[in-house]
Amino acid sequence: ACCARRTASASTGAVCDDNSMGVAVPKSMPNYRSYFGRTVEIVYGSQTVYATVNDCGSMGGGSRVLDLQPGVWKAFGFSSCRAWGLRTVKYRFL
């Protein structure tokens, strides 16, 4: 699995497992905590997946905006985080 058993306690402490439909936002994002609990619509190709913001992190020094948990990249049809890798997606917070 690519995520710990729980998100960082500094964020929500939500369970993170092989089916989690959550995402992390970067701590460098202004007011990043205000995004916790919000739904984000993520579009990759012709597919749309909805996830919940439940974590935060350094995100590669701020080079990424969303870090997807396993259920999200699986919903896009990928079998592992290595297969998903680093991809460009469209997203919007609802």
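The first residue of the sequence shown is numbered 1, and numbering continues consecutively from there.
Within the 4.5 Å cutoff, the side chain of Y44 has no heavy atoms near those of the Y91 side chain. With contacts defined as side-chain heavy-atom distances shorter than 4.5 Å, the pair Y32/P26 does not qualify.
Partners of L86 by side-chain contact (heavy atoms from CB on, under 4.5 Å), not counting sequence neighbours, listed by chain and number: R64. Shown here are the side-chain hydrogen bond (donor to acceptor under 3.5 Å, both in side chains) partners of R38, two or more places apart in sequence or in another chain: there are none. Not counting sequence neighbours, the partners of T39 by the side-chain contact (heavy atoms from CB on, under 4.5 Å) test are Y50, L94. By the side-chain hydrogen bond (donor to acceptor under 3.5 Å, both in side chains) test, Y35 pairs with no residue at all, sequence neighbours left out. Partners of V49 according to the side-chain contact (heavy atoms from CB on, under 4.5 Å) rule, which considers only residues two or more places apart in sequence or in another chain, are M21, V72, A75, F76.
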### Query
Do I42 and V23 pass the side chain to side chain contact (heavy atoms under 4.5 Å, CB included) test, and can you show the C-alpha distance, the side-chain angles, and the key distance before you say yes or no?
CA-CA 10 Å; I42 306 164; V23 299; 3.9 Å; yes

### Task
Could you walk me through whether S79 and W84 pass side chain to side chain contact (heavy atoms under 4.5 Å, CB included), step by step?
CA-CA 8 Å; S79 60; W84 172 258; over 6 Å; no

### Task
Report the C-alpha separation of Q69 and N54 in whole Å, then their side-chain angles, then the decisive distance to 0.1 Å, and conclude whether the side chain to side chain donor-acceptor pair (under 3.5 Å) test is met.
CA-CA 10 Å; Q69 292 174 359; N54 65 1; 2.9 Å; yes

### Task
Please lay out, stage by stage, how F93 and V25 fare under the test side chain to side chain contact (heavy atoms under 4.5 Å, CB included).
CA-CA 11 Å; F93 295 100; V25 295; 4.2 Å; yes

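Without hydrogens or angle criteria, K74 side chain to S80 main chain gives no donor-acceptor distance under 3.5 Å. Side chain of D17 to backbone of S20: a donor-acceptor contact under 3.5 angstrom is found.
Residue V43 belongs to no hydrophobic cluster, having no ILVMFWY side-chain heavy atom closer than 4.5 Å to its own.
Applying the salt bridge (charged side-chain N to carboxylate O under 4.0 Å, His left out) test to pairs two or more places apart or on separate chains, those with a residue in residues 39-54 are E41-R92.
Heavy atoms only, all atoms of each residue included: P70 and D18 are closest at CB-O, 3.3 Å. Across A24 and C56, no two heavy atoms sit closer than the pair CB-N, 3.9 Å.
Rounding to the nearest 0.5 angstrom, the gap separating the CZ atom in R87 from the CG atom in L66 is 15.0 Å.
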